Visitor: 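One structure is given below, represented as structure tokens, and several questions about it will come after.
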Amino acid sequence: MEAFRNTSQYEEIILKQQQIRERLNEQFEQGIDAFLFPTMLTPATLTFDHKHANQPKEKRDPFIASYLGSFIGYPEITIPVGFSKAGLPIGLSFLGKAHSEEELVSYASIVEHSKRFLPKQ
């Protein structure tokens with residue numbers, strides 16, 4: 001691991017984290033409390049697709065939403081909001097500024113308890 005920290009790839013990752021944090025912080029400073037987005041940008045699959053597990057991360061990485069919070073070190077919470085036509089779960093993620101966990105849990109609770117998204121059963 002130590003050897004990786006001395007590579008240009010590691011430096012690029014750290015720079016990308018900083019850039020994303022700066023862009024989000026600009027929005028938070030303008031009064032945005034949290035960002036809401038689909039947990040996955042692609043439909044869920046029945047099983048993990050090992051074929052694409054190590055696919056190169058392109059500009060439009062379809063999995064970025066599922067690891068954005070952990071990538072930049074900001075709190076994120078995900079709640080279920082419904083099902084796809086195939087019956088697979090769909091999630092909604094809330095991303096907040098540093099140390100906003102309590103607010104995010106509150107927002108997620110309000111949305112989850114509204115049950116506006118979930119089909120009637």
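No experiment lies behind these values; they were computed from the predicted model shown.
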Visitor: Using 0.5 Å steps for rounding, measure from the CD1 atom of Ile20 to the CG atom of Leu15.
Guide: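 It is 10.0 Å, given to the nearest 0.5 Å.
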
Visitor: Supply the atom-to-atom distance Leu95 CG to Thr78 OG1, rounded to the nearest 0.5 angstrom.
Guide: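 Here the rounded value is 10.0 Å.
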
Visitor: If you define the side chain from C-beta out and look only at heavy atoms, does anything of Ile13 sit under 4.5 Å from Phe71?
Guide: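 Answer yes - side chains close enough.
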
Visitor: Can you see which heavy atom on Leu104 is nearest to which on Pro75, and at what distance?
Guide: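 Scanning both residues, the minimum pair turns out to be CD1-O, 3.3 Å.
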
Visitor: Is there a side-chain contact between Gln17 and Arg21, using heavy atoms and a 4.5 Å cut-off?
Guide: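 Yes, close enough: below the 4.5 Å cut-off.
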
Visitor: Taking all atoms of both residues into account, what is the closest heavy-atom pair of Tyr74 and Lys97, and its distance?
Guide: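 That would be CD2-CA, 4.2 Å.
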
Visitor: Supply the atom-to-atom distance Glu22 CD to Ile72 CD1, rounded to the nearest 0.5 angstrom.
Guide: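 The distance works out to 11.5 Å.
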
Visitor: Heavy atoms, side chains only, cut-off 4.5 Å: are Phe94 and Ile79 in contact?
Guide: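 Yes, side chains in contact.
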
Visitor: How close do Pro38 and Leu92 get, heavy atom to heavy atom, and via which atoms?
Guide: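 Nearest heavy atoms, Pro38 then Leu92: N-CD1, 4.4 Å.
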
Visitor: Could you tell me the separation between the OG atom of Ser106 and the CD atom of Glu101, rounded to the nearest 0.5 Å?
Guide: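 Result: 13.5 Å between the selected atoms.
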
Visitor: Do the rings of Phe28 and Phe35 sit parallel, tilted or perpendicular, given the 30° and 60° boundaries?
Guide: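 Perpendicular: the ring planes of Phe28 and Phe35 meet at over 60°.
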
Visitor: Search all heavy atoms of Val81 against all heavy atoms of Gly91 and return the closest pair with its distance.
Guide: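 That closest heavy-atom pairing would be CG2-C, 4.1 Å.
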
